[in-house]
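First listed ligand is number 1; within each ligand, the first listed atom is number 1.
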Amino acid sequence: MKIIAGNWKMNGTRSGLSEMQTALAGVNTENRVILCVPFTFIDGTTGPAAIGAQDVSEHDHGAFTGQVSATMLAEAGAKYVIVGHSERRMYNGDTNEIVRHKAEMALSAGITPIICVGETAEERDAGKTLEIIESGVRESVPMGNGDVIVAYEPRWAIGAGITPSNDDIATAHKMIADILESMGRGDTPILYGASVKGANAAEIMSIPHVDGVLVGGASLKSDDFIPIITAIK
Ligand code: 13P
């Protein structure tokens with residue numbers, strides 16, 4: 001079984017989510033499907049895809065205007081939340097430490113965090129890819145109990161229509177798996193994300209230690225998303 005997670009970012013509509021759930025109901029798959037949607041679409045509706053959010057506050061409650069807590073997300077029906085997405089790290093200053101706190105809040109509310117790590121183009125060009133991934137995992141993933149998911153998203157490949165080589169994905173995922181094992185989290189699923197589409201999903205998911213994918217643009221329309229879900233059954 002693979003995990004196919006969509007990240008709608010700041011796109012879509014509530015009715016579009018209903019349409020997607022209806023379309024997914026006709027899909028024959030053993031895979032776990034998750035849609036991480038804007039906060040206002042999380043309203044307790046159910047369907048074949050479990051619903052997740054794209055961020056959560058690192059605080060429990062209080063005077064944090066505009067933030068949404070993990071307990072609020074859980075009450076609204078979110079089962080997952082993306083933390084540390086590269087766009088949050090880039091535009092909102094989320095550091096590894098903040099990301100870990102967010103993941104801890106999610107876990108304490110019974111929500112599975114999808115913890116993202118990945119290098120920028122500058123870091124890649126400076127030969128720091130593995131270093132950034134390693135510190136990202138060690139510093140962003142909480143120790144202790146509670147299921148988490150880790151997503152490797154090379155930032156330079158997001159929305160760019162290009163992916164790292166299969167060998168580079170394999171190297172990154174093997175290293176992440178080894179680090180998670182050393183943290184007592186050997187069973188953690190590791191997703192690949194960045195420019196996944198129907199045409200490359202099966203090949204990417206056949207790479208060792210790739211337990212699924214985190215999909216941006218191609219998760220918005222059922223015609224693009226369903227071929228990814230059925231790429232490996
Ligand atoms: P794309 O699939 O559009 O490259 O986005 C990937 C992503 O950021 C998923 O979180």
Query raised in the report: What residue pairs, at least two apart or across chains, pass side-chain hydrogen bond (donor to acceptor under 3.5 Å, both in side chains) with a residue in residues 150-159?
Result: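 Every pair satisfying side-chain hydrogen bond (donor to acceptor under 3.5 Å, both in side chains) with a residue in residues 150-159: H85-E153, E119-Y152, E119-W156.
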Query - side-chain hydrogen bond (donor to acceptor under 3.5 Å, both in side chains) pairs, two or more places apart, involving residues 216-226 - result: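 side-chain hydrogen bond (donor to acceptor under 3.5 Å, both in side chains) check on residues 216-226 returns no pairs.
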Which pairs of N or O atoms, one from ligand 1 and one from the protein, are separated by less than 3.5 Å, and what is the distance for each pair?
from: ligand 1; atom 1: 2 (O); to: G216; atom 2: N; distance (Å): 2.8
from: ligand 1; atom 1: 3 (O); to: G217; atom 2: N; distance (Å): 2.9
from: ligand 1; atom 1: 4 (O); to: G159; atom 2: N; distance (Å): 2.6
from: ligand 1; atom 1: 4 (O); to: S195; atom 2: N; distance (Å): 2.8
from: ligand 1; atom 1: 5 (O); to: K9; atom 2: NZ; distance (Å): 3.4
from: ligand 1; atom 1: 8 (O); to: K9; atom 2: NZ; distance (Å): 2.8
from: ligand 1; atom 1: 8 (O); to: H85; atom 2: NE2; distance (Å): 2.8
from: ligand 1; atom 1: 10 (O); to: N7; atom 2: ND2; distance (Å): 3.0
from: ligand 1; atom 1: 10 (O); to: H85; atom 2: NE2; distance (Å): 2.9
from: ligand 1; atom 1: 10 (O); to: E153; atom 2: OE1; distance (Å): 3.2
from: ligand 1; atom 1: 10 (O); to: E153; atom 2: OE2; distance (Å): 2.9

Requested in this report: Please list, chain by chain and in numerical order, all residues satisfying side-chain contact (heavy atoms from CB on, under 4.5 Å) with S195, sequence neighbours excluded.
Outcome: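 S195: side-chain contact (heavy atoms from CB on, under 4.5 Å) contacts with T163.
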**Report entry** Heavy atoms of other groups near N145 CG, more than 12 under 6.0 Å
**Finding:**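 12 or below, so no.
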Query raised in the report: Donor-acceptor pair, H173 side chain versus H209 backbone, under 3.5 Å?
Result: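 Yes; at least one donor-acceptor contact below 3.5 Å.
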Query - V117, V141, I115 screened by side-chain contact (heavy atoms from CB on, under 4.5 Å) with V99, the one that passes - result: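 It is I115, the one option of V117, V141, I115 that forms the side-chain contact (heavy atoms from CB on, under 4.5 Å) with V99.
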